[in-house]
Amino acid sequence: MPESRDVLEVRGLYAGYGSVGVLHDVGLKVRMGEMVALLGANGAGKSTLLKAVLGFVETGKGDIIFEGKALGKVRPEAQIRRGVSLVPEGRMLFGPMTVLGNLELGAYSAGRGRQRQKAISAGLERAYALFPVLKERAHQVAQTLSGGEQQMLAIARALMCSPRLLVLDEPSLGLAPRVVAEIFSALETLRGEGMTMLIAEQDASLALKHADRGYVMRNGKVILEDAADALLANEHVSAIYLGSLAGEGEGG
Amino acid sequence: MSELLQFLIAGVKNGAIYALVALGFTVVFASTGAINFAQGEFFMLGGVLGVFFLRLGLPLPAAVLAAVLATAIIGGAFEALAIRPLSAGDPLKIIIVTIGGSVALRQFALHIFGPNEMIIAPFSSGPPIRFAGAAVERQTLWIWGLTLVTVACLAIVYQKTMLGKAMQATSLSHDGARLMGIDTKKMVTVAFVLSAALGAVAGLAVTPLTQTAFDVGAGIGVKGFTAAILGGLGNPLATVCGGIVLGLLESLAAGYFDPLYKDAVALVVLLGVLFVRPSGLAGLMRRGRG
């Protein structure tokens with residue numbers, strides 16, 4: 001695969017909070033049109049990696065390369081203008097604002113005046129096609145939506161600026177299986193449209209069922225990387241998720 | 001009866017001024033989580049700069065506009081020079097810097113404009129208007145009119161423009177706003193610019209009635225802060241109500257008891273709200289709705 005096809009590449013990245021290092025020499029690639037799953041138990045460093053890519057966490061050594069260009073210090077408000085959009089854990093919706101108000105803000109970075117208006121109408125059309133319930137709820141205050149609807153709103157809002165990489169942090173967390181299925185079917189639709197996605201997910205089998213490739217993290221390092229099918233069949237992956245694989249026993 | 005009406009008119013007049021200053025506190029609090037103790041100085045600068053531009057020979061409307069703009073620019077510059085360099089997200093540091101800023105702005109005004117009191121002629125001349133046995137000074141009508149127009153403009157900016165929505169988003173979730181591509185630091189600057197303009201409008205509108213000087217900021221700061229706390233430091237409508245309620249309480253206390261009580265009322269209300277109902281009127285409104 002030629003280099004230019006890599007939408008995102010993380011190379012030898014170290015990151016953490018203050019003096020506490022969380023990520024150690026982490027590498028990862030997301031190619032155009034791919035859905036990549038980032039797996040690992042709670043505390044493995046998935047969220048920190050996503051936050052580092054978005055600029056919410058201080059990074060040390062290593063590179064974050066987006067569309068072939070190495071980014072220096074990353075700031076979240078700059079990342080979205082580059083085309084990286086995050087659906088954060090906890091959703092970070094603007095609760096007292098309406099569904100429509102939230103969606104409009106999603107297009108904030110799409111330019112000014114008429115250009116933004118155009119982005120808003122195109123984005124709304126796509127959002128309502130993907131999640132028809134949001135159209136019904138357009139004038140409802142976001143914090144009164146159900147958890148599933150809020151997650152749909154968070155995804156729809158992240159799409160409003162037509163990102164070239166959609167990053168999702170634990171999209172299934174706390175949701176009923178029926179809702180999770182609905183959300184992943186929407187993500188499949190997006191993939192059909194050619195959207196490149198990086199998804200951190202605790203539910204490994206769910207993520208691998210949909211993803212093209214996966215990375216397994218543990219203690220702030222990537223310990224496995226493979227095609228999704230191969231990872232699904234890998235006994236170590238299930239062992240890691242069952243927690244039966246002791247640190248020393250890795251690889252053995 | 002006409003006596004009560006007179007007290008009410010005076011109360012709503014002062015209340016409108018408190019409301020504008022209180023909105024300035026609220027706008028900055030929403031984007032920083034901090035109280036801007038230099039807010040009263042913006043009120044002072046509005047009046048003092050208005051006098052300055054009038055003395056330069058500008059006609060009244062131009063002098064008013066110039067004073068509001070100049071104060072807004074000073075507010076933005078204050079944020080850029082003194083607040084922005086602080087590490088983000090520490091309201092306590094911001095509060096301390098605004099206290100220092102208020103001293104600096106007061107001294108700046110003292111050195112440039114001198115220690116004397118200054119006055120602007122009423123915006124329109126003529127005798128007070130008689131109404132049901134009470135008298136309404138023409139400048140009071142200006143105060144009400146300017147307050148209404150300013151609050152309406154603020155509401156339009158917040159509700160209808162992307163800038164206003166971005167400011168709301170910033171106040172609701174800093175990180176969420178950054179994810180949308182909103183430069184939250186710029187929003188803080190905009191908040192200071194807006195709050196300075198609000199203070200300046202209040203200072204200008206009231207100067208024909210009360211005179212102004214370099215040191216009027218501290219007193220009005222306490223009143224505006226009390227009104228903002230009474231309003232719950234959030235909802236703009238509750239903030240305006242907080243201002244009016246405070247103005248009315250003061251006016252009634254001064255009228256029916258002793259004018260000396262007027263300034264004590266704000267402190268009693270401030271302490272009372274903080275002890276009994278820290279969520280202010282907004283808390284009451286929320287409860288009323290639920």
Side-chain angles (χ1 to χ4, degrees), chain A residues 50-51 53-57 74-98 100-117 119-120 123 141-143 150 153-154 157-163 166-169, chain B residues 26-27 29-33 84-85 87-90 155-191 231-239 279-283 285-290:
Chain A
L50 298 191
K51 282 182 184 154
V53 168
L54 263 296
F56 279 114
V57 173
V74 181
R75 292 185 310 132
E77 55 271 35
Q79 279 303 66
I80 186 148
R81 270 177 238 128
R82 284 194 187 101
V84 185
S85 202
L86 173 73
V87 180
E89 191 182 339
R91 299 171 199 132
M92 290 188 195
L93 294 175
F94 306 116
M97 299 174 84
T98 61
L100 184 60
N102 272 273
L103 291 173
E104 283 173 348
L105 278 166
Y108 182 85
S109 65
R112 285 172 173 273
R114 194 171 294 174
Q115 202 182 355
R116 189 188 276 150
Q117 273 313 318
I120 288 176
V141 170
Q143 64 200 9
Q150 288 192 17
L153 176 56
R157 188 181 65 172
L159 290 170
M160 288 293 290
C161 59
S162 308
L166 183 65
V167 181
L168 299 106
D169 196 357
Chain B
T26 307
V27 166
F29 182 78
S31 63
T32 60
R84 193 177 283 206
S87 58
D90 189 348
I156 289 170
V157 167
Y158 264 75
Q159 303 294 329
K160 300 287 177 204
T161 70
M162 206 58 170
L163 175 70
K165 287 174 189 169
M167 290 186 72
Q168 280 189 61
T170 304
S171 71
L172 292 168
S173 163
H174 240 78
D175 283 347
R178 295 181 77 188
L179 277 182
M180 303 298 105
I182 295 167
D183 184 343
T184 50
K185 285 183 177 163
K186 196 168 106 190
M187 293 303 130
V188 174
T189 311
V190 173
L233 267 177
N235 182 330
L237 185 64
T239 305
S279 59
L281 289 177
M285 284 175 159
R286 268 199 298 278
R287 228 171 48 158
R289 245 182 271 150

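Letters go in sequence order (proteins before strands), and every chain restarts at 1. All of these numbers come straight from a predicted model, not from anything done at the bench.
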**Study point:** From B:K165 atom NZ to A:Y108 atom OH, the distance as rounded to the nearest 0.5 Å
**Key:** 12.5 Å

Study note, to complete from the structure: Assert top hit (heavy-atom pairs under 4.5 Å, partner chain A, pool B:A169, B:S173, B:A166) equals B:A169

Check your understanding: chain B: which of A:R81, A:R157, A:M160, A:R91 shares the most heavy-atom pairs with it under 4.5 Å?
Key -> A:R157

Practice item. Kindly give the heavy-atom pair with the smallest separation between B:G181 and A:S109, and that separation in Å. Key: CA-CB, 4.4 Å

Review point. Heavy-atom distance under 4.5 Å to chain B: side chain of A:E104, backbone, both or neither?
Key: both

Check your understanding: Of the non-hydrogen atoms in B:M180 and A:L105, which two are nearest, and what is the gap between them?
Key -> CB-O, 3.6 Å

Study note, to complete from the structure: Heavy-atom closest pair (A:M92 atom, B:L179 atom, distance to 0.1 Å) is SD-CD1, 4.0 Å

Study note, to complete from the structure: Rounding to 0.5 Å, atoms CZ (A:R112) and CE (B:M162) come to a distance of 11.0 Å

Check your understanding: Got a second to check how far A:R75's CZ is from B:T184's OG1, nearest 0.5 Å?
Key -> 8.5 Å

Check your understanding: Would you say B:L172 and A:P96 make side-chain contact, with heavy atoms under 4.5 Å?
Key -> yes

